[in-house]
Each structure stands twice: as structure tokens, then as C-alpha cells.
Visitor: 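Please see the structure below; I have some questions.
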Amino acid sequence: MLNTLTSAVLLGAAAVSAAPAAWGPMSNWGSGGDSHSSSTVSSYSAGQTPFTFPLSNGFPTVSAAALHDIEEAAHGTLPNGALPTEINATSAIVLELIAFNEAFEVAFFTSLIQNITSNVEGFQIDSQVLRSFVLETLIAVQAQEQLHFLGANGILASAGQTQIQPCEYVFPTACLDDAINLARTFTDVVLGTLQDAQNTFATDGDSELVALIGSVIGQEGEQNGYYRSLLDLIPSSNPFLTRSAGQFAFSALNQDFVVKGSCPSVDNVLFNAIPILGALTVDTQNIQLKDQTLTFTVESNSTDFSQYSVVFVNQQNVPVVEKITNVKSSDGTITFDAEFPGADLIMDGLTIAAVTKTAGPFASVPEVAADSLFGPGLIEVN
Ligand SMILES: *[C@@H]1O[C@H](CO)[C@@H](O)[C@H](O)[C@H]1NC(C)=O
Ligand SMILES: *[C@@H]1O[C@H](CO)[C@@H](O)[C@H](O)[C@H]1NC(C)=O
Ligand SMILES: *[C@@H]1O[C@H](CO)[C@@H](O)[C@H](O)[C@H]1NC(C)=O
């Protein structure tokens, strides 16, 4: 009986093989299919080797002994109480997205630890005291992310739902500062997306999961305060952190990190449920807290952007809708401008930009995501 996370994690593989028909024929994504957005990472710089699982401890499939070692490294355990044996189908998608994201995070932090440990150029830390503290911190984080992944999959297993398996990943970062800056940016996206997860669980009959997600939000916030400190930023970015939505998180992961076609076919359950938006590149660099014009690029065969808008999501405020101006197109590459009211609305921290089909107005971030064609453009101010 799969009634605790530990037993669900250890028996998870058996639960998967018991019901393959549920996801076998869905689509060809996992076998090199190409029907999704062209913005997904399909090539990477020469010399860059994609990160592949399993880890040396067997992760994502762990023995009881390996799980115990992960828990010691994580400074704590999977929750040991009873698990739901039934969850809403929407909740299952949310937990699958959480597992999908956590698998990427495990890959990222494993790569980062390896780079620092082996003094890869760009990742050397001269101060031995700082080097050992950064490593001690990241080793705990890497183990904690493994438990977040195993925990989400364990609930899915207990409820008889499809469990997510890792893909292959590439990272755009080649030095420590960039890697920590990336970590704080994707952690900000996670912190916003978990708000969406809580909202789903609270409203679709699975409110017993809300507190668990709250414990993870706090945990990821602790991590982010440390990444921000390393970047010489104050640990707490805003009074109310920016809201996100599942589509934005899933699009960013696939646009930026997941090697196209590398995901096992079980993950089709997510690819079939959540659309991947077109990539929205923020061209303006080093954005400061002021009202200013920002420039963006997308790949599109349509040059008629006259009905579209740029929408900015920051903190818990009503999404800001701005006109698209100065549209220029060349061979499928479209650049355009939009006004960013940074100083006016004190838009510190993460801002999520998206191109929507309409000018709204949008009362909530999920409404923005549902109307989006391109995004998320991720802007960090201070
Ligand atoms: C680790 O270093 C390699 C080689 O420079 C780089 O490609 C990769 O992105 C780095 N990993 C991280 C997480 O930055
Ligand atoms: C599942 O959630 C949806 C809303 O997302 C709701 O309409 C439906 O009633 C829920 N199903 C159950 C069994 O609670
Ligand atoms: C633009 O059109 C070409 C030819 O039909 C197609 O191959 C390409 O995928 C399209 N690009 C986008 C971004 O839709």
C-alpha cells in the first residue's frame, strides 16, 4: 500500500510499469517529434555536453539506502504522513510540472557543484572559506531538490498518476556569477509558479496539499535570499513576490534548458497539457528601476502585431498592458518596443513579460498566460 512518501518513492518505479497504456500512444515528443514550438532548445554551443541522468546515487530511481543518504545531505526527510490515494486531474498536472522543474534544478545544481569542485574556468572561488561554504550550501540544495522531485512523484504514484522522468539539459551559463544569477531568476519563477499551484490545490478539492507547497515556497525563498546575497543584492527582493503561471514556467524550461526531443514519453502527459509559448527575448540589457522603453525580439512569420500587446506582471499587482510600437521585421525575426513603467510602479524584483493576443484587460496572471503567444520574457531589477 503506497501510503507514505518514502514507500511511494521506493515503489514508484513499480507503479509506473503497472500502467504504461495510459501514456504510450499520446504523441511523438519523446521520440524526436517536432510538432511543438520552434523556440525549444534544439542546438547548443559546440563543446557543450548535455547533462544526463542518472546521478551516481541512481537518482531519479533510488534505493532505500540512497534515499537515506539524500535525506542526510538534505538535512531532513520526505514527509512521513499518509498520502492522498486520489487527486484531481488538474492537481496531477501541477505536481507533474513541479517534478519536471525539480528534475531540471537537480541537473543544474549537480553541474554547478561539479564545476566549482573541479575548478572549471569561470567557476573558481579563490577564498577557501567562501568556496567551502558555497559548496556546503549547494550540496544541501541539490539534495533538497532531489527530495522535492521524489516527493512530487511520490504523491503522483500514491494517487495512481503518471510520474515525471528527467530529460537532458543544457545550461547557458559559463561562469559562477552568471550561474548564480540564473539560479535566482529561475527560483523567482518557481516562487511565482508555486503560488499558482497552491491556488489550484485550494480550489480543486486538494487543499490538503496547500501547506506542503507553502513549506517548499519558504524553502526556495531561503535559497534565493542566499543567491541574491552572493550577487550583492539585499536578500528579500519585494514585500510581495511576483505571481507566475504554469504556462510561463513550462515554456521557460523548454525554451532555455531542455534538449528538444530528450524527454521520456511519460512526460508527454505534460507536453499534451501545457502549451509551450514562443520565446520572447528581452533585448534591453541591464534594466534599471526607471520608466523606459524596452526592446524585444520574437521569431514569427506574422508581421501584423497591431492587435497584440506586451503585458508586464510584477509582484501581486494587476498586470500592466502596454502598446507594441516600432515593429520591424526581417526574415521571420520581429523586433518591437513597449513602455516599461518601472519607476512609476516600483517594479523591483522579477517582472514577467508576455505578448498577448489582445489588450485585455487582465484581472489575473492565469488570464494573461491563457492569452499569451510569446513569453515569458524574464526581467530582474535589483
Ligand atoms: C559547467 O561548466 C560547463 C563548462 O563551462 C558549462 O557548459 C555549464 O553550463 C556549467 N554549468 C552551470 C550550471 O553553469
Ligand atoms: C477538479 O477540479 C476542477 C477545477 O479545476 C473542478 O471543476 C472539479 O470539480 C474537480 N474534481 C473533483 C473530483 O473535485
Ligand atoms: C515560418 O514559416 C516556415 C515555412 O512555412 C516554417 O518552416 C517556420 O517554422 C515558420 N516559423 C515560425 C516561427 O512559425
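The residues of the chain are indexed from 1 along the displayed sequence. Every number for a ligand or one of its atoms is a count from 1 in the order of the listing.
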Visitor: Does Ile276 belong to the same Ile/Leu/Val/Met/Phe/Trp/Tyr cluster as Val298, with side-chain heavy atoms less than 4.5 Å apart forming each link?
Guide: no
Visitor: Suppose we measure from atom 11 (N) of ligand 1 to each protein heavy atom; which comes out shortest, and what is that distance?
Guide: Ser111 OG, 2.8 Å
Visitor: Which of these, Ile180, Leu176, Thr173, has its nearest heavy atom closest to atom 12 (C) of ligand 1?
Guide: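 Selected option, by shortest heavy-atom distance: Thr173.
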Visitor: Ligand 2 versus Asp204, non-hydrogen atoms closer than 4.0 Å: side chain, backbone, both, neither?
Guide: both
Visitor: Please identify which atoms of ligand 2 are closer than 4.0 Å to at least one heavy atom of Asn88.
Guide: 1 (C), 2 (O), 3 (C), 8 (C), 10 (C), 11 (N), 12 (C), 14 (O)
Visitor: For the residue pair Phe312 and Phe296, categorise the inter-ring angle as parallel (less than 30°), tilted (30 to 60°) or perpendicular (more than 60°).
Guide: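 Tilted: the ring planes of Phe312 and Phe296 meet at 30° to 60°.
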Visitor: Do other residues, nucleotides or ligands put more than 12 heavy atoms under 6.0 Å from the CD1 atom of Ile346?
Guide: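 For Ile346, atom CD1 is not crowded (no more than 12 foreign heavy atoms under 6.0 Å).
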Visitor: Touching ligand 1 at all, Phe109? Heavy atoms, strictly under 4.0 Å?
Guide: no
Visitor: Among protein heavy atoms, which sits nearest to atom 5 (O) of ligand 1, and what does the distance come to when rounded to 0.1 Å?
Guide: Val120 CG1, 4.0 Å
Visitor: Just need the protein heavy atom nearest to atom 2 (O) of ligand 1, so name the residue and atom and give the distance.
Guide: Asn115 ND2, 2.3 Å
Visitor: Provide the number and element of each atom of ligand 2 under 4.0 Å from a heavy atom of Thr90.
Guide: 5 (O)
Visitor: Is atom CD of Gln316 surrounded by more than 12 heavy atoms (other residues, nucleotides or ligands) closer than 6.0 Å?
Guide: yes
Visitor: Would atom 9 (O) of ligand 2 count as contacted, meaning some protein heavy atom under 4.0 Å?
Guide: no
Visitor: Any donor-acceptor pair under 3.5 Å linking the side chain of Asp371 with the backbone of Thr358?
Guide: yes
Visitor: Is a donor on one side and an acceptor on the other found under 3.5 Å between the side chain of Tyr169 and the backbone of Cys167?
Guide: yes
Visitor: Quick one: side chain to side chain contact (heavy atoms under 4.5 Å, CB included) partners of Thr200, sequence neighbours excluded?
Guide: Thr90, Val94, Asp204
Visitor: Could you see which bit of Phe123 sits under 4.0 Å from ligand 1, with heavy atoms only: side chain, backbone, both or neither?
Guide: side chain
